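Some notes on the structure that comes next.
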Protein chains: 2
Amino acid sequence: MKMSKQFPLNALRVFEAAARLGSFTRAGEELGMTQTAVSYQIKLIEENVGEPLFLRRPRQVQLTKTGQLLAPKVAEAFEILRDAMAGAREDAETSLLIHSTPTFASQWLARHLGSFQLRQPHIAVRLTTSETIIDFHRETVDVAIRSGKGDWPGLTAHPLMCMDFTPMMNPKLAEDVGGIHTPRDLLKLRIIDPGDPWWMQWFTAAGVHDADLASRPASRLGAQSFEARAAIAGQGVAILTPEFYPDDIALGRLYQPFELRGNDGHQYWLVYQTARRNSAKIRSFRDWILSEFAPSGNAADPNTAHQTAN
Amino acid sequence: MKMSKQFPLNALRVFEAAARLGSFTRAGEELGMTQTAVSYQIKLIEENVGEPLFLRRPRQVQLTKTGQLLAPKVAEAFEILRDAMAGAREDAETSLLIHSTPTFASQWLARHLGSFQLRQPHIAVRLTTSETIIDFHRETVDVAIRSGKGDWPGLTAHPLMCMDFTPMMNPKLAEDVGGIHTPRDLLKLRIIDPGDPWWMQWFTAAGVHDADLASRPASRLGAQSFEARAAIAGQGVAILTPEFYPDDIALGRLYQPFELRGNDGHQYWLVYQTARRNSAKIRSFRDWILSEFAPSGNAADPNTAHQTAN
DNA sequence: TGCATGCATCAAGAGAACTTATCCATGAAG
DNA sequence: CTTCATGGATAAGTTCTCTTGATGCATGCA
């Protein structure tokens with residue numbers, strides 16, 4: 001037997017309205033259906049209960065004893081359901097779960113998220129980070145910042161910024177070794193995380209093919225921002241993304257000796273599930289972050305997105 | 001816009017089961033539907049809320065934050081609805097509202113209803129009376145006892161007993177006037193309610209055509225049972241239905257001087273709405289009362305009913 | 001590596017829910 | 001005391017939701 005027969009939910013909703021309004025016609029209006037349909041639904045539920053719920057009086061309907069018993073409880077239940085749905089919608093609209101790589105989170109989001117919250121004060125932002133790429137099917141996450149090539153099935157990815165890299169260091173450290181004039185000068189310094197493939201790539205691009213990085217002591221710090229801290233502290237030269245350190249550069253704690261930048265084809269992306277592209281909160285976050293990265297003054301163009309089919 | 005779109009009730013029920021069981025397949029089994037249908041309904045509600053409610057993990061589904069928020073409230077609401085429906089069904093099955101004429105109620109039902117309650121101890125009987133014929137469309141009543149001809153549109157009527165009438169009195173009163181031998185002897189006594197048309201009809205049938213009843217003092221008591229009390233008290237002779245007074249006859253407080261009975265074509269009927277003929281409580285009351293009136297030992301035949309089309 | 005489990009997707013079909021049209025009864029108004 | 005307006009019931013036809021069955025995919029287990 002069909003569940004809908006044992007438990008006529010739609011009929012109960014109609015009953016609730018009819019009981020409250022004391023009129024099938026009025027109930028129909030409220031529910032956006034005809035009086036006929038109301039009559040039909042009420043009959044359904046009466047058959048289900050096994051007893052009339054309304055007395056059909058000439059110009060009005062009136063609850064029977066059984067109907068009087070049933071109506072308030074049904075009303076209460078629908079009240080709860082309405083609240084629950086409203087609560088869920090509210091929650092859906094007002095809480096935004098962002099996932100990011102730790103570096104992007106600490107170096108960029110931490111400094112800019114305030115302007116998003118200023119723009120959308122009703123949205124409660126929660127930010128989680130991990131090195132690993134999260135799976136939207138496994139985690140409750142609305143949007144994510146990822147590095148990669150933007151080719152993730154089922155997801156829409158908007159490019160945010162290139163993951164360029166170039167050696168950076170504390171200017172005092174450069175002075176200590178008599179200044180850094182050629183790329184090869186860097187080899188006089190301690191290289192922070194010499195195992196990072198970026199180093200090899202950059203030296204090659206700079207024409208230094210014999211940099212013996214492998215023999216140097218490994219010092220992987222796990223995340224670029226930690227390496228940046230080390231560089232700022234004068235502990236060596238790190239290979240970093242300059243866009244992440246505008247303050248440290250402005251304060252003279254970090255500088256970039258060479259214009260030359262490497263790029264391994266990766267960049268940072270804003271990604272979200274394509275199916276959810278019309279969610280208001282996702283849209284407003286997307287619009288905000290794209291405008292932050294857009295050439296100053298111009299609004300971002302959401303059409304630059306990659307959408308990889310599923 | 002359709003209400004069912006704004007407020008997907010069936011989807012909520014499916015959601016409740018899926019959330020509780022943590023599985024679309026299991027939820028489908030419980031609700032008697034396929035996994036496909038569950039998936040579809042969940043998608044509906046997710047679109048409505050604007051956010052996923054489940055994380056689709058490989059071999060299970062798991063509630064998202066929003067889903068966790070929604071599930072308990074929805075469960076509570078359905079709990080209430082379930083209770084309410086069960087309560088209504090319970091009430092529908094276990095309470096029987098009987099309406100009767102006051103006379104039939106006091107003279108017959110009062111003495112026999114106990115045996116019905118013995119047979120159906122789970123049914124709570126409520127008995128209301130009025131002289132007027134009640135309208136099933138206006139009153140909350142399951143079955144009624146009426147006098148009449150059994151031709152009520154939309155109602156099924158089972159004949160119970162004839163409304164025969166004959167003069168009855170206390171035997172002592174007869175002795176006081178030297179015995180009642182001929183119908184005309186009755187005129188020596190006080191006639192209780194001489195305006196009752198039954199009197200004229202009975203005297204005519206008895207061959208007394210010149211009974212001057214109109215000139216006698218009126219003493220309408222309103223209901224036959226009151227007139228019977230008066231007759232038992234020796235205050236006169238009343239025209240009564242003998243079947244109502246078996247005890248008083250057995251105790252010698254009331255007797256019927258003549259075999260002759262009048263009948264105006266009316267009788268007592270059990271009536272109920274034809275549409276509700278299959279209600280269990282109505283059926284069991286019908287079966288009981290018909291068996292009480294059936295020739296002893298034989299079950300009553302429900303097929304003697306009149307059904308007057310609407 | 002192959003199998004079982006569990007969910008998603010698609011096309012097609014059944015059946016429920018709804019609408020339109022009509023009728024009927026009642027209470028109010030002229 | 002008609003006549004009209006209101007409100008519900010009924011019948012038949014239509015729409016469209018929902019369900020089904022087949023299929024595919026990903027994952028976990030043997």
Side-chain angles (χ1 to χ4, degrees), chain A residues 1-15 17-19 21-48 52-63 135-138 153-154 273-275 309-310, chain B residues 1-15 17-19 21-48 52-64 67 135-138 153-154 273-275 309-310:
Chain A
M1 195 219 274
K2 293 258 173 55
M3 192 67 180
S4 52
K5 291 290 91 179
Q6 313 177 33
F7 205 75
L9 268 182
N10 290 309
L12 278 170
R13 172 175 51 212
V14 174
F15 168 73
L21 298 171
S23 156
F24 290 4
T25 305
R26 225 79 28 85
E29 283 164 12
E30 177 173 301
L31 298 172
M33 57 208 267
T34 60
Q35 169 268 354
T36 310
V38 174
S39 181
Y40 171 77
Q41 295 287 356
I42 299 291
K43 181 173 289 186
L44 274 191
I45 203 177
E46 286 180 334
E47 277 168 15
N48 185 291
L53 299 175
F54 286 99
L55 294 169
R56 272 67 167 184
R57 310 286 295 282
R59 295 173 80 108
Q60 63 182 339
V61 288
Q62 199 186 26
L63 288 168
D135 182 346
F136 280 94
H137 292 299
R138 289 178 181 264
Q273 293 171 95
T274 304
N310 209 344
Chain B
M1 195 218 278
K2 293 257 171 54
M3 192 67 181
S4 53
K5 291 290 89 180
Q6 313 176 33
F7 205 76
L9 267 181
N10 290 307
L12 277 170
R13 172 175 50 212
V14 174
F15 168 74
L21 299 170
S23 156
F24 289 4
T25 306
R26 225 77 33 79
E29 283 165 10
E30 177 173 303
L31 298 174
M33 57 207 268
T34 60
Q35 171 268 110
T36 310
V38 175
S39 182
Y40 172 80
Q41 296 287 356
I42 299 292
K43 180 172 291 187
L44 272 193
I45 203 176
E46 287 179 333
E47 277 168 14
N48 184 292
L53 299 174
F54 286 100
L55 294 169
R56 272 69 169 183
R57 312 285 296 281
R59 293 175 79 109
Q60 63 181 338
V61 288
Q62 199 186 27
L63 287 168
T64 60
D135 181 347
F136 281 93
H137 293 299
R138 290 176 181 265
Q273 292 169 97
T274 304
N310 210 343

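Since the structure is predicted, the reported quantities are computational estimates derived from the model, not experimental observations. In the text below, chain A, chain B and the rest are named by the order of the sequence lines, each starting its count at 1.
Closest to the Val61(A) side chain, of the nucleotides dC18(C), dT19(D), dG8(D), is dG8(D).
Using a 4.0 Å heavy-atom cutoff across all strands shown, Val38(B) reaches no nucleic acid atom at all.
Along DNA chain C, the nucleotide nearest Ser23(B) and the nucleotide nearest Thr36(A) are compared for position; the residue whose nucleotide lies closer to the 5' end is Ser23(B). If you find the closest nucleotide of DNA chain D to Asp135(A) and to Val14(B), the one lying nearer the 5' end belongs to Val14(B).
Contact annotation: Ser39(B) side-chain N/O to dA8(C) OP1/OP2 distance is under 4.0 Å. A sub-4.0 Å separation between OP1 or OP2 of dT10(D) and a side-chain N or O of Lys43(A) is present. The side chain of Arg26(A) contributes an N or O atom lying less than 4.0 Å from OP1 or OP2 of dG7(D). Not one side-chain nitrogen or oxygen of Gln35(A) sits closer than 4.0 Å to the OP1 or OP2 atom of dT6(D). Proximity of Arg56(B) to the phosphate of dA8(C): a side-chain N or O atom is located under 4.0 Å from OP1 or OP2.
The CG atom of Leu21(A) sits 12 Å away from the P atom of dG7(D) (whole-angstrom rounding). Regarding Tyr40(A), its OH atom lies at a distance of 5 Å from the P atom of dA17(C), rounded to whole Å. Regarding Leu55(A), its CG atom lies at a distance of 18 Å from the P atom of dG7(D), rounded to whole Å. Here dT19(C) presents its C1' atom at 18 Å from CZ of Phe24(A), a figure rounded to the nearest Å.
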* Give the intermediate values and the outcome of side chain to side chain contact (heavy atoms under 4.5 Å, CB included) for residues Phe54(A) and Leu63(A). => CA-CA 4 Å; Phe54(A) 286 99; Leu63(A) 288 168; 3.5 Å; yes
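Contact annotation: side chain of Thr25(A) to base of dT6(D), donor-acceptor pair absent below 3.5 Å.
Within the 3.5 Å criterion, the main-chain N or O of Phe7(A) finds a donor-acceptor partner in the side chain of Arg13(B). In this structure, Glu46(A) contributes its side chain and Leu53(A) its backbone to a donor-acceptor pair below 3.5 Å.
Considering only heavy atoms from C-beta on, Leu21(B) stays 4.5 Å or farther from Glu29(B) through its side chain.
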